[in-house]
Amino acid sequence: MSKKNQTLGEFIIENQQAFPYSSGELSRLINSIRLAAKVVNHEVNKAGLVDITGAVGDTNIQGEEQQKLDVYANQKFIQTLTNREIVCGIASEENDEYITIQGHNKDHKNKYVVLMDPLDGSSNIDVNVSVGTIFSVYRRVTPIGTPVTMEDFLQPGNLQVAAGYIIYGTSTMLVYTTGHGVNGFTLNPAIGTYYLSHPNMKFSEDGNIYSVNEGNYAQFPRGVKDYIKYCQAEEDDRPYTSRYIGSLVSDIHRNMIKGGIYIYPGSSKYPDGKLRLLYECNPMAFIAEQAGGKASNGFKRIMDIKPTELHERVPFFCGSKNMVEKAEECMRNAKEK
Ligand SMILES: O=P(O)(O)OC[C@H]1O[C@](O)(COP(=O)(O)O)[C@@H](O)[C@@H]1O
Ligand SMILES: [Mg+2]
Ligand SMILES: [Mg+2]
């Protein structure tokens with residue numbers, strides 16, 4: 001039984017047996033993410049100093065200007081995962097194509113692929129607001145010993161074997177699941193050790209926080225406008241409180257602790273929404289569901305969507321179960337009108 005304040009290392013070893021394929025590789029993978037996160041955390045804490053602030057002058061496949069920390073975090077996670085001989089492929093928000101990792105012996109023997117958003121909330125880096133890293137892990141579907149293919153990355157979220165995020169905020173936390181609940185570990189920066197500070201994290205079924213960029217209200221679908229009006233109505237336990245940080249990781253983390261819903265809907269600017277299915281929505285959906293919450297595109301369970309492209313976007317509704325269901329009800333009603 002996990003004990004509060006046990007170290008992440010102890011927790012990983014203790015829970016390794018709970019994982020059906022417990023050959024230790026997934027534990028090593030989580031350990032390498034733990035290490036890379038510490039290195040990135042060190043740089044994030046320097047955000048504001050000249051050498052780590054601002055853009056690099058390139059854009060990624062999303063057409064977004066890449067920040068220095070986007071590129072730095074991307075390099076550190078790729079390096080660490082590659083060196084640890086656990087992954088056979090990596091896909092990242094910052095790389096147009098997936099990366100094939102053949103392994104030191106060039107034999108493609110590794111079993112896992114990782115999909116990641118190395119730095120989430122990039123627009124908040126230079127304004128000292130919390131940012132994060134998001135990761136999603138699958139077992140490969142192509143034969144071991146052969147190079148990975150797109151098939152290994154385009155798996156539905158319900159096949160994830162692990163997922164999680166790191167939040168670089170007032171403290172640095174690693175929150176993850178391997179399908180046996182959600183646990184949060186806080187980094188003690190003085191000694192570089194993560195401790196189990198948030199065992200068995202849960203979304204309350206109901207909450208009173210809604211998180212959506214209301215600046216785009218005019219472009220939102222009818223159903224989302226109706227749900228926002230519902231949240232703002234002076235009835236029962238409403239109006240709810242509006243909170244929007246603009247970093248997906250931070251908004252979801254807060255709502256998981258306090259109860260709430262995060263929505264990034266489709267809009268005229270982003271008909272399919274802004275967030276990426278494979279390395280933002282699927283991992284956060286796995287976390288949400290493992291914490292008793294819910295995640296959909298307004299109609300369909302996010303983790304049942306069959307991906308078709310590496311960087312595809314989807315509308316995202318995620319959080320406390322009853323709040324997501326109410327928002328889905330608004331979407332259905334608006335559609336039927
Ligand atoms: O500024 P907007 O349009 O509200 O978008 C904010 C959303 O975009 C994101 O910053 C996208 O993620 P990246 O920063 O990784 O590109 C989310 O973290 C956040 O929730
Ligand atoms: Mg992101
Ligand atoms: Mg990002």
Side-chain angles (χ1 to χ4, degrees), residues 36-37 40 43-44 47 52-56 58-78 90-96 114-136 163-169 175 209-220 224 228 242-256 260-285 287-288 295 297 302 310-319:
V40 171
E43 289 302 302
V44 169
I52 202 69
T53 301
V56 284
D58 294 338
T59 56
N60 62 22
I61 191 167
Q62 342 269 335
E64 292 162 350
E65 210 181 11
Q66 287 183 314
Q67 303 296 308
K68 284 181 186 165
L69 262 175
D70 285 322
V71 174
Y72 179 84
N74 197 38
Q75 284 163 354
K76 288 301 159 200
F77 278 95
I78 291 172
I90 299 173
S92 165
E93 177 191 1
E94 303 308 333
N95 293 76
D96 299 4
V114 170
L115 301 96
M116 65 179 185
D117 176 355
L119 208 288
D120 177 61
S122 308
S123 63
N124 281 327
I125 296 170
D126 295 351
V127 292
N128 212 342
V129 170
S130 65
V131 293
T133 293
I134 311 174
F135 64 91
S136 169
Y165 59 83
I166 296 105
I167 179 166
Y168 311 100
V175 175
I209 296 172
Y210 68 102
S211 309
V212 61
N213 184 342
E214 293 186 64
N216 301 330
Y217 184 86
Q219 303 169 25
F220 287 163
V224 173
I228 292 173
S242 172
R243 287 279 184 279
Y244 191 72
I245 294 169
S247 294
L248 171 68
V249 162
S250 313
D251 280 310
I252 299 265
H253 184 75
R254 183 219 29 256
N255 290 355
M256 181 156 60
I261 184 173
Y262 171 97
I263 303 176
Y264 206 109
S267 65
S268 36
K269 185 174 173 200
Y270 292 110
D272 298 322
K274 177 185 179 182
L275 301 178
R276 284 52 59 118
L277 174 61
L278 291 179
Y279 42 78
E280 289 175 318
C281 302
N282 269 337
M284 299 313 271
I287 290 277
N297 65 0
I302 284 286
L310 213 50
H311 302 285
E312 73 182 81
R313 303 172 192 262
V314 285
F316 195 47
F317 296 68
C318 181

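Side-chain atoms are counted along with the backbone in the values below, which use heavy atoms only and exclude waters and symmetry mates. Position 1 is the first residue of the sequence; numbering continues from there. Worth saying up front: this structure is predicted, and the values here are computed from it rather than measured. In listed order, ligands and their atoms are each counted from 1.
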Could you tell me whether [X] approaches ligand 1 through its side chain, its backbone, both or neither, with non-hydrogen atoms closer than 4.0 Å?
X	value
Q62	neither
V249	neither
D120	both
L248	both

Separation between CG (N60) and CD (Q66), nearest 0.5 Å, reads 5.0 Å
Please state which option from Q67, K269, E94, R276 has its nearest heavy atom closest to atom 13 (P) of ligand 1.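 Among Q67, K269, E94, R276, the closest heavy atom to atom 13 (P) of ligand 1 belongs to R276.
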Heavy atoms only: which of E64, K274, Q66, E93 lies closest to atom 7 (C) of ligand 1?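 Nearest heavy atom to atom 7 (C) of ligand 1 lies in K274.
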Do you know which two heavy atoms are closest between S136 and L278, and how far apart they sit? CB-O, 3.9 Å
For ligand 1, which atoms have a heavy atom of [X] less than 4.0 angstrom away?
X	value
Y244	2 (P), 4 (O), 5 (O), 6 (C)
S122	14 (O)
D117	15 (O)
N213	2 (P), 3 (O), 4 (O)

For N128, does the CG atom sit with more than 12 other heavy atoms under 6.0 Å from it, leaving out its own atoms?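 Open: at most 12 neighbouring heavy atoms sit under 6.0 Å from CG of N128.
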Considering only heavy atoms from C-beta outward, does the side chain of [X] approach that of [Y] to under 4.5 Å?
X	Y	value
L277	R313	no
F77	D117	no
F135	L115	no

Does this structure show an ion pair linking E94 with K76, if we count only N-O contacts that are shorter than 4.0 Å?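 The answer is no: the pair does not qualify as a salt bridge.
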Cationic N near anionic O, under 4.0 Å, E312 to R276: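 Salt bridge between E312 and R276, a charged N being under 4.0 Å from a carboxylate O: no.
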Of all the non-hydrogen atoms in the protein, which one sits nearest to [atom], and at what distance?
atom	result
atom 3 (O) of ligand 1	Y264 OH, 2.6 Å
atom 20 (O) of ligand 1	Y262 OH, 2.9 Å
atom 19 (C) of ligand 1	G246 O, 3.3 Å

Within the distance-only criterion (no hydrogens, no angle test), does the side chain of [X] pair as donor or acceptor with the backbone N or O of [Y] below 3.5 angstrom?
X	Y	value
D120	V131	no
H311	N95	yes
Q67	V56	no

L119 versus ligand 1: do any nitrogen or oxygen atoms come within less than 3.5 Å of each other? yes
Are any of the N/O atoms in S247 less than 3.5 Å from those in ligand 1?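 S247 vs ligand 1: no N/O contact under 3.5 Å.
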Under the side chain to side chain donor-acceptor pair (under 3.5 Å) test, which residues partner S211, sequence neighbours left out? R254, N255
Spell out the protein N/O/S atoms under 2.8 Å from the Mg ion (ligand 2) as residue plus atom name. D117 OD2, D120 OD1, E280 OE2
Between N216 and S267, does the side-chain hydrogen bond (donor to acceptor under 3.5 Å, both in side chains) criterion hold? Intermediate values first, please. CA-CA 8 Å; N216 301 330; S267 65; 5.8 Å; no
